[in-house]
Number of protein chains: 2
Amino acid sequence: MKLTTRLIDIEHRGVLLHSADAREISVRGGDRVEVKNRVTGESISAFVDTTASLIDPGVIGVYRPTQVQIDVLEAAEVEVRAADRPTTLDYIKKKMDGGRLTKDETYAIIKDVVADVLSPSELTAYIISTYINPLDMDEVEYLTRAMVDTGERLHFPSYPIVDKHSIGGVPGNKITLLIVPIVAAAGLKIPKTSSRAITGAGGTADLMEVLAPVEFSAAEVQQMTERVGAVIVWGGATNIAPADDRFITIEYPFKIDARGQMLASVMAKKFAVGANVVAIDIPVGEHTKVPTIEEGRKLAREFIELGERLGMRVECALTYGESLVGHTIGPRLEVREALSVLEGANEPNSLIQKSLSIAGIILEMSGKAAPGEGYRVAGEILESGRAYEKMRQIIEVQGGDPDVKAADILPGQFSYVVKAPGNGYVIELNNRALISIARAAGAPQDAGAGIFIHAKKGTQVEAGEPIFTVYADRQWRLQKALEEGRRLMPIVVEGMLLDRLPGRHWGGGGSYGE
Amino acid sequence: MKLTTRLIDIEHRGVLLHSADAREISVRGGDRVEVKNRVTGESISAFVDTTASLIDPGVIGVYRPTQVQIDVLEAAEVEVRAADRPTTLDYIKKKMDGGRLTKDETYAIIKDVVADVLSPSELTAYIISTYINPLDMDEVEYLTRAMVDTGERLHFPSYPIVDKHSIGGVPGNKITLLIVPIVAAAGLKIPKTSSRAITGAGGTADLMEVLAPVEFSAAEVQQMTERVGAVIVWGGATNIAPADDRFITIEYPFKIDARGQMLASVMAKKFAVGANVVAIDIPVGEHTKVPTIEEGRKLAREFIELGERLGMRVECALTYGESLVGHTIGPRLEVREALSVLEGANEPNSLIQKSLSIAGIILEMSGKAAPGEGYRVAGEILESGRAYEKMRQIIEVQGGDPDVKAADILPGQFSYVVKAPGNGYVIELNNRALISIARAAGAPQDAGAGIFIHAKKGTQVEAGEPIFTVYADRQWRLQKALEEGRRLMPIVVEGMLLDRLPGRHWGGGGSYGE
């Protein structure tokens with residue numbers, strides 16, 4: 001059926017048909033149609049909404065993301081027909097029934113994922129099936145290669161190209177902001193693509209965005225890396241392993257990380273940027289994604305094996321994941337902390353030590369430091385100011401202000417200090433609760449929102465001493481964060497619960513700041 | 001945030017926010033908001049689309065299904081905020097991880113399903129999890145009761161109330177149109193709710209709609225049943241066990257039938273209409289949902305056990321599912337065939353025998369026939385014309401024309417006769433392929449579309465004799481059906497493929513009719 005386009009400014013994948021036209025081609029709301037651009041000859045799949053009045057028969061409303069996908073203008077002619085059921089649904093069904101996916105089946109699924117042929121429900125069925133019936137290493141390799149081949153790739157003229165990845169689950173893990181400039185200052189190339197926060201209070205991309213733009217094409221990432229040796233960008237804008245973004249959206253509400261998907265997603269992104277030397281930080285701890293050392297070792301072996309299959313050298317560091325890295329959670333607070341270390345501050349220890357350890361592994365793997373010397377060499381690069389100078393170059397090449405100082409980066413103007421209700425030791429500090437509070441305060445969208453922890457686990461405090469400060473860019477957000485704090489009780493001082501809040505006398509006399 | 005409604009005529013669950021408002025309350029496209037009607041005080045969950053221009057800040061676009069759900073008019077004031085993550089996602093995650101769902105968890109999930117709190121993706125995660133990690137009988141019982149309690153119920157003053165169900169998978173299974181009037185003519189009450197076709201070419205509700213309206217409220221179903229003893233209506237309109245419709249939509253693309261969901265869906269609908277005597281037809285055969293007798297017996301035991309738990313008497317009939325019931329597929333063709341039997345025709349045998357068998361079981365279970373006498377008694381009721389008279393009453397009470405005759409019900413005006421390419425026996429007749437062809441011809445939406453099979457499996461045919469006729473209401477649909485036929489090769493005559501079609505010389509000289 002030939003229809004005329006009407007562009008509709010709704011950010012939702014799909015098209016709108018008059019119900020008479022829908023009936024004519026025998027589709028109902030939620031069904032899939034094939035829409036062919038009669039100028040380019042290209043076809044896409046789209047899901048149908050119907051209306052009895054919003055558009056006339058003969059017209060097809062095209063929502064925003066679909067306009068881009070099919071590349072049509074207002075009043076263009078398109079050919080629309082009921083789409084066939086995608087064959088990949090049978091492959092997903094096979095996985096559901098416990099079968100193994102072949103290379104061809106895996107490629108077909110990932111192509112449909114990237115082309116948005118599958119509905120969110122169908123994609124969910126795939127993810128959940130691979131979560132319950134785990135992929136074996138062959139299937140993971142197929143998936144990794146399919147994710148690489150359905151996106152863009154970088155091709156550098158010389159090796160090594162290095163990369164790093166942190167599995168996540170630890171709050172305040174701002175180490176990338178130190179590792180990248182350290183290893184780049186040693187002369188290595190590291191085209192780092194990062195995530196935005198999904199369940200956290202700030203992904204590395206959210207952090208870097210405080211300092212410079214982070215949305216670049218793959219070609220731009222390559223050019224910038226060739227120029228200054230490193231970038232820190234948001235992977236989602238590059239079209240590198242684009243299937244990953246679709247997976248994340250689906251996994252998010254269930255807080256699941258299907259093992260095979262995770263291995264493939266991480267390694268596909270490294271493989272696609274051309275990295276041949278990769279260090280992986282696996283935080284281990286009760287509240288992280290990897291609760292025990294044994295599981296950490298198993299995951300490490302899987303990363304290493306997958307790396308071998310792909311021709312990449314991989315080393316993994318099992319790191320302490322029970323505690324916050326540094327003192328801060330939330331974009332501006334974390335960036336301020338990391339930048340101060342690059343400027344020469346000699347604390348926080350946890351941040352500096354972890355960053356030097358991972359940077360050291362990369363330096364040793366790539367021959368920039370002798371075995372056992374990586375940590376020391378990384379430390380020298382940091383202390384010498386060469387890492388700071390490199391960070392300034394990275395900020396500048398991405399279009400930020402290289403002269404920015406840690407002291408310029410201020411947290412949100414609304415704040416509340418939670419104080420110790422009595423003398424004692426901080427015996428419990430719940431990372432997940434702190435992240436929830438930071439998110440309630442507006443992080444990561446509100447870059448000034450977050451938490452500064454004055455007294456970490458094991459610290460001795462006296463009554464009235466500050467334990468942590470909550471920051472927010474907006475007053476109502478601060479209130480929301482405090483409500484969340486009251487509900488979650490993130491900190492315990494020597495067995496005494498912080499069970500009172502402003503209005504309800506939370507803490508031993510907390511105080512608002514502005 | 002207080003917003004003013006703008007009703008938008010799009011058949012899609014959800015609301016549309018200006019992107020500035022979305023940012024203000026920290027939600028993004030696809031996120032869930034809580035919308036509170038400030039007049040009624042009621043709140044609902046809805047999923048967000050965003051726009052930069054279609055509505056102004058301060059306005060919330062409300063799509064059609066959501067208008068009904070929250071019951072608002074144009075320019076009403078609503079309160080909108082980011083919704084909390086539903087706790088039920090944790091229960092779904094538990095099932096995903098192989099856990100058992102408690103009664104409370106099951107009820108919470110089904111309440112969220114019915115209130116449309118869960119997104120299609122989240123609902124998919126639930127269905128797939130219960131498909132891969134099957135529900136045990138306790139979980140099935142909780143699910144059944146939850147499905148009953150979240151919908152409407154019928155309460156009849158006297159027992160027995162009888163019901164029947166066919167598991168499906170057999171084409172042309174129009175037996176309900178005979179069983180219901182037979183058992184009602186015996187003085188039993190049978191408030192039959194039926195489905196529309198999902199993967200088939202016509203559900204019982206699609207068939208009955210040829211004769212009378214089928215969309216009624218639960219109260220109307222009860223009144224009509226009290227008046228004439230029986231109805232045949234579409235269950236989807238009654239709000240009886242409404243969770244079932246949501247499940248079906250999700251299972252459809254994968255053609256799965258999670259065992260526990262299926263048991264619960266069937267029995268919830270029987271329980272909710274107040275039935276205490278239930279006969280279940282389990283067609284067994286290679287291409288049905290139950291491939292072997294052993295599986296059929298196992299399923300029968302599960303239905304019987306679930307019935308006992310719910311205080312219902314259940315008997316199951318394992319029936320021959322390899323072959324079409326009668327000669328017809330598609331709404332008008334099937335209704336014509338069933339009505340002709342009620343009018344006194346003494347064939348097709350397969351249809352009459354199967355209908356009398358199931359009706360006989362119900363008559364024996366409810367004391368209307370002595371043990372072993374049910375089939376005979378059912379046959380007498382049919383032959384006496386009392387079943388026909390009852391069917392006229394049912395048609396009339398539902399608002400149809402009771403004087404309609406089988407001969408008045410004509411199939412689609414476009415047809416094509418497929419003829420035998422040579423002498424021989426019909427050794428293969430693929431039911432699934434026949435259904436696909438009937439659907440391609442437009443069934444069930446186009447009520448005249450379908451197939452008449454002249455020569456069933458095992459029949460001897462001579463070259464040029466008709467094997468089947470395809471009917472359609474529209475010419476292009478007939479062509480589509482013939483293309484589907486060429487692709488699927490539904491019939492084999494003595495090893496010779498029907499591999500030629502019109503244009504490609506399909507059949508030994510097929511002919512168009514009109």
Side-chain angles (χ1 to χ4, degrees), chain A residues 8-14 16 19 22-24 26 28-30 32 47-55 61 63-65 82 85-86 89-90 92-93 95-98 118-129 131-133 249-250 253-256 439-440 442 445-446 474 477 480, chain B residues 8-14 16 19 22-24 26 28-30 32 47-55 61 63-65 85-86 89-90 92-93 95-98 118-129 131-133 249-250 252-256 439-440 442 445-446 474 477 480:
Chain A
I8 299 184
D9 179 18
I10 291 182
E11 288 292 340
H12 175 90
R13 274 173 53 202
L16 181 67
S19 37
R23 219 168 14 247
E24 182 62 29
S26 298
R28 283 180 285 192
R32 202 183 323 256
F47 291 87
V48 171
D49 286 340
T50 58
T51 179
S53 66
L54 211 62
I55 55 175
Y63 299 149
R64 264 229 183 262
R85 176 175 177 276
L89 297 187
D90 292 330
I92 295 172
K93 173 79 166 24
K95 192 70 210 165
M96 219 179 276
D97 288 330
L118 299 179
S119 72
S121 283
E122 290 159 355
L123 183 52
T124 300
Y126 169 63
I127 299 281
I128 303 295
S129 298
Y131 175 76
I132 305 182
N133 295 327
T249 312
I250 297 297
F254 294 102
K255 302 175 180 168
I256 62 168
R439 284 178 70 92
Q445 283 83 7
D446 292 359
R474 294 181 276 182
R477 278 296 206 176
K480 240 189 133 176
Chain B
I8 299 184
D9 179 19
I10 292 181
E11 288 292 340
H12 175 89
R13 274 173 52 201
L16 181 66
S19 37
R23 217 166 17 245
E24 182 61 27
S26 299
R28 284 181 284 192
R32 202 184 324 254
F47 291 87
V48 171
D49 286 341
T50 58
T51 178
S53 65
L54 211 63
I55 55 174
Y63 300 150
R64 263 230 185 261
R85 174 175 179 276
L89 297 187
D90 292 330
I92 295 172
K93 172 79 165 25
K95 192 71 210 163
M96 218 179 274
D97 289 329
L118 299 179
S119 72
S121 284
E122 290 159 355
L123 183 52
T124 299
Y126 169 63
I127 299 281
I128 304 295
S129 299
Y131 175 76
I132 306 182
N133 295 326
T249 313
I250 297 296
Y252 169 55
F254 294 102
K255 302 175 179 167
I256 62 169
R439 285 178 69 92
Q445 283 82 8
D446 291 359
R474 294 181 275 182
R477 280 295 205 177
K480 239 188 134 178

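Since the model is a prediction, treat every value here as computed from it, not as a measurement. Note on naming: letters A, B, ... go to the chains in the order of the sequence lines (proteins, then strands), and numbering restarts at 1 for each one.
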*Under 4.5 Å, counting heavy-atom pairs only, tell me which of Ala125(A), Gly442(A), Pro120(A) racks up the most with chain B.*
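With the most close heavy-atom pairs to chain B, the winner is Ala125(A).
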*How many angstroms lie between CG in Asp49(A) and CZ in Arg64(B), if you round to the nearest 0.5 Å?*
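The CG atom of Asp49(A) sits 13.0 Å away from the CZ atom of Arg64(B).
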_His12(A) side, atom NE2; Phe47(B) side, atom CZ - distance, nearest 0.5 Å_ =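 Between atom NE2 of His12(A) and atom CZ of Phe47(B) there are 12.0 Å.
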*Would you say the side chain of Ile8(A) lies within less than 4.5 Å of the side chain of Leu54(B), judging by non-hydrogen atoms?*
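Contact flag for Leu54(B)/Ile8(A) side chains = yes.
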Among the listed options [options], the residue most often paired with chain A at heavy-atom distances under 4.5 Å:
{"options": "Leu16(B), Thr51(B), Leu123(B)", "answer": "Thr51(B)"}
{"options": "Val48(B), Asn133(B), Asp97(B), Asp90(B)", "answer": "Asp97(B)"}
{"options": "Glu11(B), Met96(B), Arg23(B)", "answer": "Met96(B)"}
{"options": "Ser129(B), Ser53(B), Gly29(B)", "answer": "Ser53(B)"}

*Do any N or O atoms from the side chain of Ser121(A) and from the backbone of Thr124(B) form a donor-acceptor pair under 3.5 angstrom?*
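Judged by distance alone, no pair lies under 3.5 Å.
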Residue part contacting chain B, namely of [X], when any heavy atom lies under 4.5 Å:
{"X": "Asp446(A)", "value": "neither"}
{"X": "Phe254(A)", "value": "both"}
{"X": "Arg32(A)", "value": "neither"}
{"X": "Leu89(A)", "value": "both"}
{"X": "Ile250(A)", "value": "side chain"}

*Positive for side chain to side chain contact (heavy atoms under 4.5 Å, CB included) with Ser26(A), one of Arg439(B), Lys480(B), Arg474(B)*: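 Of all the options given, the one that passes is Arg474(B).
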*If you look at every heavy atom in Asp9(A) and Ala52(B), which pair is closest and at what distance?*
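The answer is OD2-N, 3.0 Å.
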_For Arg85(B), is the CZ atom crowded, meaning more than 12 foreign heavy atoms sit under 6.0 Å from it?_
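Yes, the 6.0 Å shell around CZ holds more than 12 heavy atoms from other groups.
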*asked:* Can you tell me which portion of Arg13(B) sits under 4.5 Å from chain A's heavy atoms? Options are side chain, backbone, both or neither.
replied: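 Contact with chain A is absent: no heavy atom of Arg13(B) under 4.5 Å.
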